[in-house]
Amino acid sequence: MCGMPSAESTQASVHEREPVRPTKEDEVAAAGSELIGGPLGRRALLGSSWWTPVRVIALVAIGMFALGLVQKAPCYNGAWFFGASSQYTHACYSDIPHLYQGRGFADGLVPYFDRLPGDMQYLEYPVLTGVFMEVASWLTPGSGTIQDQEQWYWMVNAGMLMVCAAVIVVCVTRTHARRPWDGLLVALAPAAALTATINWDLLAVALTAAAMLMWSRGRSLAFGVLLGLATAAKLYPFLLLGPLMVLCWRAGRWREFGTALGGAIVAWVVVNGPVMLFAFEGWSKFYTFSQERGVDFGSFWLIMAQNSDDPLSTDTVNTLATLLMLVCCAAVAALALIAPRRPRFAQLAFLIVAAFILTNKVYSPQYVLWLVPLAALARPKWRDFLIWQACEVAYFLGIWLYLAYTTSGEAHKGLPTDGYHWAIGLHLLGTLYLCVMVVRDIFMPDRDPVRRSGDDDPSGGVLDGAEDVFVLGPAARPRRQVADARCDGPPVEWGKPGPTGGSL
């Protein structure tokens with residue numbers, strides 16, 4: 001364990017230690033810093049000017065977001081409107097301009113209340129995302145051609161989503177107070193820049209990042225409210241309540257969890273309740289569409305279906321995917337209770353969302369945004385983060401080239417089915433690789449970059465430095481000390497159950 005301090009000792013001394021410099025402990029970060037003059041010196045005055053880490057990282061994130069907008073320029077200037085496959089060959093597709101007219105915003109229809117013409121009778125997005133889309137339509141000039149309006153609609157949404165991107169990096173930077181520069185992982189993530197304006201996922205990601213920040217500050221009610229709002233914008237954030245419940249169980253923090261859960265439920269009901277009462281059919285479209293949707297892009301289910309003469313039915317896939325997800329939830333819960341030291345909240349949050357992505361029947365390229373801030377908090381190691389991002393960029397290119405192939409007729413310009421399957425495989429392997437690294441950190445806390453620097457669980461709020469009251473397996477045994485002959489530091493203590501500790 002190399003002298004890593006115990007959980008109880010870290011919280012009291014966290015404010016006595018200087019901020020962690022990634023260039024000092026991460027070889028990839030140190031090498032990358034040479035582009036801007038090399039690592040910061042020990043006497044660098046980080047907080048003595050306007051250029052604080054939070055501001056620097058926020059500006060970097062806005063710059064990367066702007067580069068993502070530039071990458072969409074070929075589509076903005078015509079590919080969204082002319083030619084079936086050019087938006088795919090340029091890898092600049094976005095749902096936003098297409099849905100301006102396709103979901104009735106151009107005609108002033110009210111989401112969920114007004115029936116849409118065509119096959120999609122109502123807007124198939126959660127309520128808070130629908131509100132976001134509607135507000136953007138109010139800010140879109142109604143004059144000019146439909147192409148002019150769609151271009152404006154995309155630009156208005158891009159401006160609102162840029163605010164969300166800035167919120168995300170600020171929240172991640174402030175969640176781990178001693179590790180502000182880990183926020184650069186989010187700001188510089190190439191897959192995030194490429195996918196930021198494909199859809200409206202950044203809204204839910206921003207609310208989730210803000211919720212994580214509130215929990216790290218011990219504000220359980222604010223965490224619950226923000227997480228409830230995030231779930232009203234996208235379904236995945238509610239998954240974070242599962243790992244949090246198990247961690248609070250292990251630490252005996254039921255009151256804080258109950259406050260968070262209550263806040264989440266109330267916030268979700270406040271947003272969804274009025275639409276449920278007065279436009280239930282429109283409100284339920286998101287849930288029925290998700291249930292009825294067949295196997296789609298990006299999932300291992302698609303590889304199975306496209307290589308089978310008798311593919312599984314949608315109902316069967318729904319059942320199997322749900323069972324797989326439940327198995328993953330049980331595994332994450334067991335990991336939380338048997339680990340030698342209580343896992344960090346960010347680690348389990350990443351694992352549970354990654355499990356949902358890996359087992360789901362569809363993986364749209366923008367779903368990578370769900371994981372980027374969680375990955376930066378769970379495993380702030382540049383090498384592993386960049387390996388994963390490289391896999392996601394490969395998948396981003398692969399899906400558009402595959403769609404170019406399928407929409408280019410006899411020309412077959414792009415990536416054939418077998419090639420697309422390899423792209424899916426890269427995405428799956430990259431995500432699994434990062435999951436394996438996080439699980440290894442949980443079982444071997446001395447490998448965890450956050451705990452190696454002397455912290456316990458800086459994103460854990462009331463869990464940070466708390467004693468265990470219920471653990472299972474080897475962690476439930478009487479406290480012990482582990483010394484490593486290769487280390488000069490003091491022995492490390494772990495697994496400190498309270499008087500009600502359980503055993504298996």
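Predicted, not measured: the structure shown is a model, and the values here were computed from it.
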Given the rule in the side chain to side chain contact (heavy atoms under 4.5 Å, CB included) test, do Val56 and Thr52 qualify, once you have shown the distances and angles that lead to the verdict? CA-CA 6 Å; Val56 170; Thr52 62; over 6 Å; no
Say you draw a straight line from [atom1] of [X] to [atom2] of [Y]; how long is it, rounded to the nearest 0.5 Å?
X	Y	atom1	atom2	answer
Leu67	Lys72	CG	NZ	11.0 Å
Leu415	Tyr88	CG	OH	15.0 Å
Tyr112	Ser284	OH	OG	11.0 Å
Leu161	Ile198	CG	CD1	11.5 Å
Thr197	Asp95	OG1	CG	10.5 Å
Ser453	Arg178	OG	CZ	5.0 Å

Is [Y] close to [X] at the side-chain level, that is, under 4.5 Å between some pair of heavy atoms?
X	Y	value
Phe82	Gln147	yes
Leu227	Leu207	no
Tyr122	Arg115	yes
Gln151	Tyr76	yes
Pro180	Arg174	no
Gln389	Val372	yes
Met133	Trp200	yes
Tyr395	Leu426	no

Under the side chain to side chain contact (heavy atoms under 4.5 Å, CB included) criterion, do Phe286 and Leu123 qualify, and how do the steps go? CA-CA 7 Å; Phe286 165 70; Leu123 184 66; over 6 Å; no
Looking just at side-chain N and O atoms, do [X] and [Y] make a donor-acceptor pair shorter than 3.5 Å?
X	Y	result
Asp201	Tyr367	no
Thr316	Asn318	no
Glu150	Trp154	no

Taking it one step at a time, do Trp388 and Glu392 satisfy side chain to side chain contact (heavy atoms under 4.5 Å, CB included)? CA-CA 6 Å; Trp388 169 59; Glu392 292 296 334; 3.4 Å; yes
Using a strict 4.0 Å threshold on nitrogen-to-oxygen distance, state whether Asp182 and Arg179 make a salt bridge. yes
With the threshold set at 4.0 Å, does a side-chain nitrogen-carboxylate oxygen contact exist between Asp441 and Arg447? no
Report the relative orientation of the aromatic rings in [X] and [Y]; use parallel for angles under 30°, tilted for 30 to 60°, perpendicular for over 60°.
X	Y	result
Tyr402	Tyr420	parallel
Phe223	Phe345	perpendicular
Trp370	Tyr236	parallel
Trp283	Phe280	tilted

Sequence neighbours excluded - disulfide bond (SG atoms under 2.5 Å apart) pairs with any residue from residues 88-125: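 Checked against disulfide bond (SG atoms under 2.5 Å apart) - neighbours excluded - the pairs reaching residues 88-125 are Cys75-Cys92.
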Tell me if a side-chain donor or acceptor on [X] pairs with a main-chain N or O of [Y] at a distance below 3.5 Å.
X	Y	result
Ser94	Ile96	yes
Gln306	Ile303	no
Asn360	Phe356	no
Asp448	Val450	yes
Trp301	Thr359	yes
Gln71	Ala91	yes
Thr129	Tyr125	no
Thr431	Leu428	no
Thr145	Asp148	yes
Thr288	Lys285	yes

Assess whether side chain to side chain contact (heavy atoms under 4.5 Å, CB included) is satisfied between Thr175 and Ser216, documenting all intermediate values. CA-CA 6 Å; Thr175 296; Ser216 73; 3.9 Å; yes
Who pairs with Arg293 by salt bridge (charged side-chain N to carboxylate O under 4.0 Å, His left out), at least two apart in sequence or on another chain? Asp296
Please report the closest heavy-atom contact between [X] and [Y], naming both atoms and the distance.
X	Y	answer
Arg383	Arg379	NH2-NH2, 4.3 Å
Val225	Ala267	O-CB, 3.4 Å
Met64	Ala187	CG-O, 3.1 Å
Leu203	Ala233	CD2-CB, 4.0 Å
His176	Ser459	NE2-CB, 3.6 Å
Arg103	Leu116	O-CD2, 3.3 Å

Does Trp152, at its CH2 atom, have more than 12 non-hydrogen atoms belonging to other residues, nucleotides or ligands within less than 6.0 Å? no
Neighbour count above 12 (heavy atom, 6.0 Å) for Phe278 CZ: no
Are His98 and Tyr93 near enough that their ring centres are under 6.0 Å apart?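 Yes - the distance between ring centres of His98 and Tyr93 falls below the 6.0 Å cut-off.
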